[in-house]
Amino acid sequence: MNTDGNNNPVSPEPKAAAQTTDFIRTIIANDLQSGKHKQIVTRFPPEPNGFLHIGHAKSICLNFGIAEEYNSVCHLRFDDTNPGRESTEYVEAIKRDIRWLGYDWGEHLYYASDYFDRLYDFALELIKKGKAFVCHLSGDEIREQRGTLTEPGRESPYRNRSAAENLQLFEQMKNGELEAGTCVLRAKIDMAAPNILLRDPVIYRIIKTSHHRTGDKWCIYPMYDFTHCLSDMIEGITHSLCTLEFENNRALYDWVLDTLETPCHPRQIEFARLNINYTVMSKRKLLQLVDEGHVSGWDDPRMLTLSGLRRRGYTPASIRDFCAIIGIGRRDAWIDMGVLEKAARDDLNEHAPRVMGVLKPLKVVLTNYPEDKAEELEAINHPQKPEMGVRTIPFCREIYIEATDFMEEPPKKFFRLAPGREVRLRYAYLITCREVIKDEHGNVVELRCTYDPETRGGSTPDGRKVKGTIHWVSARHAIRAEVRLYNRLFTVEHPDRDKEKDFKTFLNPESLEVLTDCMLEPSLQKATPADRFQFERQGYFCLDEQDTTAGKPVFNRVVTLRDSWTRMKEKMKKNTGTKP
RNA sequence: UGGGGCGUCGUCAAGUGGUAAGACACAAGAUUUUGAUUCUUGCAUUCGCAGGUUCGAAUCCUGCCGCCCCAGCCA
């Protein structure tokens with residue numbers, strides 16, 4: 001059984017919508033029932049040219065999820081046909097991320113590059129059948145002769161070379177006798193086809209770059225449309241699931257498999273890719289953010305890469321839940337960022353132990369509490385789960401409270417601390433604010449309060465009602481920490497919608513707020529990297545794996561708690577503004 | 001004005017001729033030593049629009065409108 005950072009078991013099943021059905025699962029169920037297939041084989045085929053993001057998680061959960069449901073296998077296949085931009089660094093990162101998400105490809109790890117020899121033979125077969133030819137047109141010429149959306153293309157002057165000549169030329173390409181760009185191998189289909197992908201598409205090009213796995217063995221590389229369908233076929237994939245933008249490619253996928261002698265013909269099915277507002281999803285844009293230093297790396301906690309989410313503190317289970325909740329369909333869908341955050345909260349609410357930490361400390365001196373006294377107060381680790389136990393928290397004369405929990409002139413309905421007001425210190429005592437100390441600029445720097453010795457633990461023997469309960473930490477015992485508060489990376493819902501403006505102009509300057517003088521309860525001394533906690537009344541936090549050092553813990557805020565007080569404040573502000 | 005797709009609540013999403021599931025969001029209320037959690041209630045007489053077929057249509061037919069994808073020797 002896997003465990004999360006807190007040693008809590010991670011449920012292997014997405015809890016919500018676990019048995020949801022969708023049009024793909026319906027097709028598969030029918031194929032099984034009709035006897036078309038005895039077993040199902042799916043695959044996840046990333047190109048190792050970047051890190052996996054939440055959009056890939058949707059595809060991973062779909063493909064590996066289906067395999068699990070049908071007691072079958074999902075292959076992991078690297079689609080590595082473009083050596084110029086692929087690397088083993090990405091291969092390793094991708095494998096690690098899939099495992100972290102909770103999936104296992106077992107023995108079924110493949111690379112399209114493993115099939116280069118067979119792919120080459122298939123190309124030969126195509127040539128012999130008169131279905132492919134070597135074309136010496138330049139890239140520009142090919143583009144120009146391809147026609148447009150409304151006009152048919154023109155046939156290449158090289159289109160009717162003999163099979164023998166094509167075979168010889170293709171061999172020369174393979175042997176490195178021709179330079180990149182001089183010619184390509186094209187499928188011979190139909191230059192007048194309304195589907196542009198069928199207008200004699202390029203299927204092999206010369207690239208004299210060494211490949212991360214095959215080295216310099218090859219200087220010709222097959223294109224996606226030729227590689228993908230044949231790789232699926234070779235592996236006996238039954239259902240080849242991909243995103244909607246490959247819809248037009250399906251005709252080519254089928255053409256290749258129909259034209260060649262193949263033992264099976266996988267079915268390509270497309271579904272809508274994942275879009276989430278207030279972020280960007282394309283690998284190209286994520287890479288740009290990394291390269292240009294707008295974020296600290298692929299694993300920056302603000303990035304919706306799997307490594308970023310992991311570092312931020314998202315649990316694999318919450319991401320799997322998220323993928324189950326959003327469903328699979330064929331329309332362009334925009335998922336609200338709030339749905340992802342909700343998935344994180346739901347999982348963390350259940351598993352994360354509660355602790356107290358003060359992010360923006362304000363010192364409070366309890367004037368009637370003995371200077372040398374200290375006591376241990378008991379706190380529970382999870383209000384709904386007594387089995388998670390209790391811990392003790394030290395208490396003394398000087399404590400820190402959250403600066404935002406005090407207001408000198410509180411608005412109505414503010415039931416925290418204010419001059420003359422009484423609040424409860426969680427698990428400790430009721431205190432009353434007697435005096436406000438300010439610096440020369442008028443900033444509140446300290447509070448003098450009195451505590452009520454009769455209220456130890458926070459109870460009120462006289463039955464008096466106290467509306468506010470705030471968190472605190474003992475000044476003498478607190479451990480100092482850095483806390484990083486993350487907000488949305490972009491300020492607008494659709495950063496890349498505007499074709500005129502670069503998406504980076506919408507980057508949120510306040511996406512990261514670093515707090516260096518946070519005060520945490522001493523029990524957190526025992527936290528180990530990747531452990532997650534709820535800092536009561538504030539949110540869920542995760543001990544950073546990278547920047548935490550022995551003397552200086554660094555916590556990342558995964559997500560805030562729901563905060564109806566802030567919403568109420570905003571509403572009151574709006575209402576007073578519009579009052580007649 | 002080529003071809004391929006898609007249009008059901010603010011956002012996702014079931015529904016496949018029998019009279020609009022569910023989730024998120026939102027709103028109101030209850031419980032609460034986290035303004036958290038939990039709970040209760042409310043939230044599409046209507047399915048892009050217009051016709052038609054039918055006893056009956058979101059589901060079938062016709063026309064229209066809107067949005068997405070395709071002119072990389074990327075995947």
Side-chain angles (χ1 to χ4, degrees), chain A residues 16-17 20-22 26 45-47 49 79 81-82 84-86 135 137-139 142-144 146-153 180-186 192-199 201-207 221 223-225 227-228 242-251 270 272 277 283-284 325-336 338-339 341-343 345-346 349-350 354 356 379-380 382-384 413-416 423-428 430 455 457-460 466-471 534-539 560-569:
Chain A
T20 52
T21 185
D22 53 65
T26 302
E47 182 188 12
N49 69 341
D79 216 337
T81 58
N82 192 352
R85 50 186 217 177
E86 295 156 5
C135 182
L137 251 25
S138 71
I142 288 180
R143 187 178 317 126
E144 185 208 327
R146 187 150 32 216
T148 67
L149 295 178
T150 51
E151 301 160 288
T182 54
C183 59
V184 293
L185 183 70
R186 290 225 257 169
N195 180 346
I196 292 176
L197 285 168
L198 260 19
R199 318 238 264 229
V202 173
I203 56 175
Y204 262 94
R205 75 286 210 196
I206 299 168
I207 301 177
Y221 290 89
M223 299 279 288
Y224 166 83
D225 286 303
T227 309
H228 202 83
C242 62
T243 45
L244 242 29
E245 65 269 28
F246 290 98
E247 237 174 325
N248 298 318
N249 300 252
R250 192 173 66 236
E270 312 85 17
N277 59 13
K283 258 197 265 184
R284 207 199 90 239
I325 286 163
I326 59 175
I328 300 292
R330 281 179 72 84
R331 15 180 162 157
D332 296 314
W334 283 88
I335 306 296
D336 198 282
V339 178
E341 295 172 343
K342 174 71 159 62
R345 279 193 200 104
D346 284 349
N349 175 49
E350 190 154 340
R354 265 111 255 228
M356 291 199 286
I380 53 176
H382 189 121
Q384 281 81 37
K413 294 208 175 158
F414 179 85
F415 37 83
R416 276 113 97 150
V423 292
R424 169 164 35 231
L425 295 178
R426 173 140 242 229
Y427 299 124
L430 268 54
T455 57
S459 59
T460 51
V466 185
K467 198 87 165 109
T469 298
I470 64 175
H471 57 96
Q534 183 195 99
F535 287 8
E536 291 208 30
R537 302 209 307 131
Q538 307 196 97
T560 61
L561 251 31
R562 271 183 86 220
D563 182 5
S564 55
W565 165 242
T566 299
R567 278 188 296 156
M568 192 193 298
K569 259 194 311 194

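Everything numeric here is computed off the predicted structure, so don't read it as measured data. A note on names: the letters A, B, ... follow the listed sequences, proteins ahead of strands, and every chain is numbered from 1. Hydrogens, waters and symmetry mates play no part in the numbers below; they use all other heavy atoms, side chains included.
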Exercise. Using a cut-off of 4.0 Å on non-hydrogen atoms, how would the nucleic acid contact of A/Y221 be classed: base, sugar-phosphate, or nothing?
Worked result: nothing

For this session: Could you give the distance separating B/C47 and B/G52 at their P atoms, to the nearest angstrom?
Result: 16 Å

For this session: Identify whether any heavy atom of A/P152 sits under 4.0 Å from a base atom; if not, whether one sits that close to sugar-phosphate; answer base, sugar-phosphate or nothing.
Result: nothing

Exercise. A/N349 near the nucleic acid: base, sugar-phosphate alone, or nothing, with a heavy-atom cut-off under 4.0 Å?
Worked result: sugar-phosphate

Exercise. Hey, is the side chain of A/R330 poking within less than 4.0 Å of OP1 or OP2 on B/C6, counting only N and O atoms?
Worked result: yes

Exercise. Taking the side chain from A/R205 and the backbone from A/G181, do they hold a donor-acceptor pair closer than 3.5 Å?
Worked result: no

For this session: Answer with base, sugar-phosphate or nothing: what part of the nucleic acid does A/K413 contact at a heavy-atom distance below 4.0 Å?
Result: base

Problem set entry | Contact state string [nucleotides 20-30 of chain B, B base, S sugar-phosphate only, - no protein heavy atom under 4.0 Å] | ----S-SS---

Between the protein and nucleotides 71-75 of chain B, list the N/O to N/O atom pairs that are separated by less than 3.5 angstrom.
residue : atom : partner : partner atom : Å
B/A71   : O3'  : A/R146  : NH2          : 3.4
B/A71   : O2'  : A/R146  : NE           : 3.3
B/G72   : OP2  : A/R143  : NE           : 3.0
B/G72   : OP2  : A/R146  : NH2          : 3.3
B/C73   : OP1  : A/R146  : NH2          : 3.4
B/C73   : OP2  : A/R146  : NH1          : 3.1
B/C73   : N4   : A/L137  : O            : 3.1
B/C73   : N4   : A/G139  : N            : 3.1
B/C73   : N4   : A/G181  : O            : 3.2
B/C74   : OP2  : A/R205  : NE           : 3.1
B/C74   : OP2  : A/R205  : NH2          : 3.0
B/C74   : O3'  : A/R205  : NH2          : 3.2
B/C74   : O2'  : A/N82   : ND2          : 3.2
B/C74   : O2'  : A/R85   : NE           : 3.3
B/C74   : O2'  : A/R85   : NH1          : 3.4
B/C74   : O2'  : A/R85   : NH2          : 2.5
B/A75   : OP1  : A/T81   : OG1          : 2.6
B/A75   : OP1  : A/R205  : NH2          : 2.9
B/A75   : OP2  : A/Y224  : N            : 3.0
B/A75   : O3'  : A/D79   : OD2          : 3.2

Exercise. Contact class for A/E270 vs. all strands (heavy atom < 4.0 Å): base, sugar-phosphate, or nothing?
Worked result: nothing

Exercise. Just checking A/F414: base, sugar-phosphate only, or nothing, at a heavy-atom cut-off of under 4.0 Å?
Worked result: base

Exercise. Which nucleotide, B/A13, B/U37, B/U34, lies nearest any side-chain atom of A/A333?
Worked result: B/A13

Exercise. Would A/K342 and A/D346 pass as an ion pair if we require N to O under 4.0 Å?
Worked result: yes

Exercise. Within the structure shown, what part of the strands sits under 4.0 Å from A/R354 by heavy-atom distance: base, sugar-phosphate, or nothing?
Worked result: base

Polar-atom pairs under 3.5 Å, protein N or O versus N or O of nucleotides 57-60 of chain B: list them with distances, or write none.
none

